[in-house]
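Below is one structure, written out as structure tokens, with a few remarks after it.
Residue numbers start at 1 and run along the sequence shown. Note that the coordinates shown come from a computational prediction; the quantities given were computed from them, not determined experimentally.
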Amino acid sequence: MTESAAPSPAAIPMTPAVYHILLSLSQGDRHGYGIMQEVDERTNGRERLGPGTLYRSIKRMRAAGLITAIEDPEAPTGDDDRRRYYRISDLGRRVVAEEARRLADLVAQAQKAKVLDEPGMV
């Protein structure tokens, strides 16, 4: 998929893991462990990405053109290159924005239906 192409309908709605990875990368380039930490912090531990889920998602996201792998911006030349950094693409930014709008619409519908006003609902 090219960056200028419209998001694939299969990309929306997306899995929570893909959404959280894209949201994390929208704030800056990160390596895999950094993505896991940022998601854990941002969600107060409610969402945790295990290594298997993270790297399977990253592989699919790279193939779809949502993210790219980049060189470690702080690694000296010839340093161990096992740590890969990832960057969100323009397509990835459009897709995560569309998913955020879709989720906001679902929340608005829930508020209109007053399901969030019920006792015990958060």
Side-chain angles (χ1 to χ4, degrees):
M1 182 183 288
T2 65
E3 286 193 35
S4 61
S8 163
I12 304 169
M14 61 184 60
T15 67
V18 169
Y19 180 74
H20 283 292
I21 294 167
L22 288 174
L23 200 57
S24 178
L25 292 175
S26 73
Q27 302 302 303
D29 302 340
R30 290 189 167 77
H31 53 76
Y33 185 67
I35 293 169
M36 289 191 300
Q37 288 179 309
E38 193 279 332
V39 169
D40 185 59
E41 287 176 24
R42 182 170 28 82
T43 65
N44 294 318
R46 289 186 311 271
E47 294 289 332
R48 296 200 176 180
L49 297 176
T53 299
L54 175 74
Y55 290 106
R56 276 190 305 275
S57 297
I58 284 174
K59 183 177 179 180
R60 287 191 307 268
M61 293 165 71
R62 287 182 65 196
L66 300 175
I67 63 173
T68 58
I70 61 170
E71 291 184 26
D72 181 344
E74 298 180 15
T77 305
D79 194 24
D80 183 2
D81 63 350
R82 287 182 290 178
R83 179 175 279 184
R84 287 192 178 157
Y85 277 69
Y86 301 96
R87 177 175 290 159
I88 192 169
S89 67
D90 290 340
L91 175 62
R93 285 189 188 283
R94 289 192 305 271
V95 168
V96 75
E98 183 59 33
E99 179 68 354
R101 283 188 284 276
R102 186 187 76 79
L103 293 171
D105 184 53
L106 290 175
V107 170
Q109 291 174 36
Q111 289 171 328
K112 186 176 180 180
K114 300 190 186 307
V115 298
L116 295 177
D117 296 335
E118 293 178 16
M121 297 300 291
V122 180

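With rounding to the nearest 0.5 angstrom, the NZ atom of Lys112 is 10.0 Å from the CG atom of Asp105. Atom NZ of Lys59 sits about 13.0 Å away from atom CD1 of Ile67, to the nearest 0.5 Å. In this structure, CG in Leu22 is found 12.5 Å from CZ in Arg94, a value given to the nearest 0.5 Å. Here the CG-CZ distance, from Leu91 to Arg93, works out to 12.0 Å after rounding to the nearest 0.5 Å. From Ile21, atom CD1 reaches atom CG of Leu66 across 10.0 Å, with rounding to the nearest 0.5 Å. Atom CG of Asp40 sits about 10.5 Å away from atom CZ of Arg46, to the nearest 0.5 Å.
Smallest separation of non-hydrogen atoms from His20 and Arg42: ND1-NH1, 3.2 Å. Of all heavy-atom pairs spanning Arg62 and Arg84, the tightest one is NH1-NH1, 3.4 Å. The two residues Glu71 and Tyr85 make their nearest non-hydrogen contact at O-CB, 4.3 Å. Between Ser26 and Leu23, the closest heavy-atom pair is OG-O, 2.6 Å. In terms of heavy atoms, Tyr86 sits closest to Leu25 at O-CD2, 3.3 Å. In plain terms, the two heavy atoms of Val39 and Ser24 that are nearest each other are CG2-CB, 4.4 Å.
For the side-chain contact (heavy atoms from CB on, under 4.5 Å) with Arg30, the qualifying choice from Glu38, Met36, Gln37, Arg87 is Glu38, the only one to do so.
With Ser57 contributing its side chain and Thr53 its backbone, the two residues share a donor-acceptor pair below 3.5 Å.
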Would you sort out whether Val107 and Gln111 count as a side chain to side chain contact (heavy atoms under 4.5 Å, CB included), showing the intermediate values?
CA-CA 6 Å; Val107 170; Gln111 289 171 328; 4.0 Å; yes

